[in-house]
Undergrad: 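This is the structure, below, for whatever I ask next.
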Amino acid sequence: MGYLALNDIMYPVHGFVAPGFERVREVFEANFVDDVEVGASFCVFRDSEPLVDLWGGYKDPAGREPWQSDTLVNVYSTTKGVAALAFATLVEEGLIGFDDPVREYWPELKAGRDGLTVAQLLSHQGGLCGVDQPLTVSDLLDWDRMVGLLAQQAPYWKPGTDAGYHAVTWGYLPGELCRRITGESLGGRLARCISAPLGADFFLGLPASGTARIAPMIGPNRARKQPDMAQFADMKMPALYPVALQNPTIRPYQDASSAAWQRAEIAAANGQANARGIARIYAAAAAGLSAKGDGSVGLSSRTLAALTRQQVGERPDLVLGRPMRRGAGVILNTDAMFGPGLQSFGHSGAGGSTGFADPQARLGVGYAMNQMQFNLDEDSRGGRLIRAFYDCLRQTSTA
């Protein structure tokens, strides 16, 4: 364990790195001193063995509650990738197909009436990036209300012809399909088929026993370093950006750190996890989530290939305004955000969290933190850790 001094607070750093990966620890420590890190974890598994497992800092900005080995935090859209893996177990069991028309399972969904496929729906092509009805955060916690609104929503574009990020609404789409097919929630399926068998800390619907392990989120406006906002003065977002991300506005501390939010199952945005849990799941995904007779559901190479088949190419997203390659609920490696592996896939989250599988290198990577970063288009803490890891991996492989 080491301590880093900053603003009269001593930041503890715990964990280990395998020989040859010492640089990763240095970058992890530098994120506290040179950046805005308050509490965080970073983990990389190769198969079932950890190469990096680091955690440190605090649950709170004042430095009163140390970040523990098993601390959990809201990982926002990093949830999407893991939820997509849980949904893929339905495909593995033959209960649904990615190429099936959505209307076969959810005939009430207006967006699905002209042949929209399941894969297109999961890859943000359904035109359901938001709803016309003004929403509150309490509405997001009401499953039946949200599903009903989405079913009746007129799509914002012709489904299947383009893609726009379904920042929050995405979670209700695979979740409702799962419920209709099995009677089970997607969070329940994730726990039963993936998280529990793997011993992975990743919850979609936090049990009461996990509440004490939570680190509240800290909004980017509360970071000890603030960016020069003048550089963003002329930034213009697409017209659909507020539809997807500002109806309603989800406040990091008041809303995303509340007990009600933690208990809900919004597969787009409210997974509670740590880096080790994220990395363990993606390492298993890289190997096919092999079933071991312990209740887990394996994913065959055929199902993984279908999950990661490109549904959306590198064209500007209608909500985000930038290109993003997508499979059926996962992001396909774009601009090396998931390292150099061309087959890597996963998902990142608001503020900086991320997780991905690198099948070529048999790796699962996870990063989770409580201090959100304002602009992730710039160099990010997670990005620096990922680059440092792969630099070390390359050096150890050629040594």
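Every heavy atom of this structure was used, including side-chain atoms; hydrogens, water molecules and symmetry mates were not.
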Undergrad: Would you find a donor on one side and an acceptor on the other, under 3.5 Å apart, between the side chain of Asp53 and the backbone of Gly15?
TA: no
Undergrad: Do the side chain of Asn270 and the main chain of Trp261 share a donor and acceptor less than 3.5 angstrom apart?
TA: yes
Undergrad: Indicate yes or no: at least one non-hydrogen side-chain atom of Arg179 is less than 4.5 angstrom from one of Ser185.
TA: no
Undergrad: With rounding to the nearest 0.5 Å, note down the distance linking CZ in Phe374 to CE in Met372.
TA: 11.0 Å
Undergrad: Between Cys129 and Leu318, is any pair of side-chain heavy atoms under 4.5 Å apart?
TA: no
Undergrad: If you compare all heavy atoms of Thr334 against all heavy atoms of Met324, which two are closest, and at what distance to 0.1 Å?
TA: OG1-SD, 4.0 Å
Undergrad: Could you list the residues that satisfy salt bridge (charged side-chain N to carboxylate O under 4.0 Å, His left out) with Asp139, not counting sequence neighbours?
TA: Arg145
Undergrad: Between the side chain of Gln272 and the main-chain N/O of Gly205, is any donor-acceptor distance below 3.5 Å?
TA: no
Undergrad: Might you work through the ring pair (Phe, Tyr, Trp, His ring centres under 6.0 Å) test for Tyr11 and Phe32, ending with a clear yes or no?
TA: CA-CA 7 Å; Tyr11 284 83; Phe32 288 93; 5.5 Å; yes
Undergrad: Could you walk me through whether Arg189 and Thr89 pass the side chain to side chain donor-acceptor pair (under 3.5 Å) check?
TA: CA-CA 9 Å; Arg189 189 167 185 87; Thr89 64; 2.6 Å; yes
Undergrad: Would you find a donor on one side and an acceptor on the other, under 3.5 Å apart, between the side chain of Ser257 and the backbone of Met217?
TA: yes
Undergrad: Using side chain to side chain contact (heavy atoms under 4.5 Å, CB included), reason through Trp157 and Leu240 one step at a time and then give a plain yes or no.
TA: CA-CA 11 Å; Trp157 61 88; Leu240 289 176; 3.7 Å; yes
Undergrad: Strictly by modelled atom types, are Gln262 and Asn74 linked by a side-chain donor-acceptor pair under 3.5 Å?
TA: no
Undergrad: Quick check against the 3.5 Å criterion: does Lys80 have a side-chain atom that pairs as donor or acceptor with the backbone of Ala268?
TA: yes
Undergrad: With Tyr156, which residues qualify under ring pair (Phe, Tyr, Trp, His ring centres under 6.0 Å), at least two apart?
TA: none
Undergrad: For the residue pair Val365 and Ile278, what are the closest heavy atoms and their distance?
TA: O-CG2, 3.8 Å
Undergrad: Can you check whether Gly355's main-chain N or O pairs, donor with acceptor, with Thr78's side chain at less than 3.5 Å?
TA: no
Undergrad: What closest approach, in Å, do Leu116 and Gly126 show between heavy atoms, and which atom pair accounts for it?
TA: CD2-CA, 3.9 Å
Undergrad: If you compare all heavy atoms of Gln343 against all heavy atoms of Pro359, which two are closest, and at what distance to 0.1 Å?
TA: O-CD, 3.7 Å
Undergrad: Mind jotting down which residue pairs meet the ring pair (Phe, Tyr, Trp, His ring centres under 6.0 Å) criterion with at least one end in residues 178-204? Sequence neighbours excluded, please.
TA: none
Undergrad: CZ of Arg64 to OH of Tyr58: how many Å apart, nearest 0.5 Å?
TA: 11.5 Å
Undergrad: Closest approach of Asn333 and Arg325, non-hydrogen atoms and distance?
TA: O-NH1, 2.6 Å
Undergrad: Ring centres under 6.0 Å, that's the criterion: do Phe345 and Phe338 meet it?
TA: no
Undergrad: Tell me whether Gln311 contacts the main-chain N or O of Ser123 through its side chain, where contact means a donor paired with an acceptor under 3.5 Å.
TA: no
Undergrad: Assign the ring pair His166 / His124 to parallel, tilted or perpendicular, where the plane angle (0 to 90°) is split at 30° and 60°.
TA: perpendicular
Undergrad: Indicate yes or no for a side-chain donor-acceptor contact from Glu92 to the backbone of Leu90 under 3.5 Å, with no hydrogens or angles considered.
TA: no
Undergrad: When you check the gap from the basic side-chain N to the acidic O, do Lys158 and Asp114 get nearer than 4.0 Å?
TA: no
Undergrad: Look only at the side chain of Asp358 and the backbone of Gln360, and say whether a donor-acceptor pair between them is shorter than 3.5 Å.
TA: yes
Undergrad: For Phe16, does the CZ atom sit with more than 12 other heavy atoms under 6.0 Å from it, leaving out its own atoms?
TA: yes
Undergrad: Is a side-chain N or O of Asp47 found less than 3.5 angstrom from the main chain of Glu49, in a donor-acceptor match?
TA: no
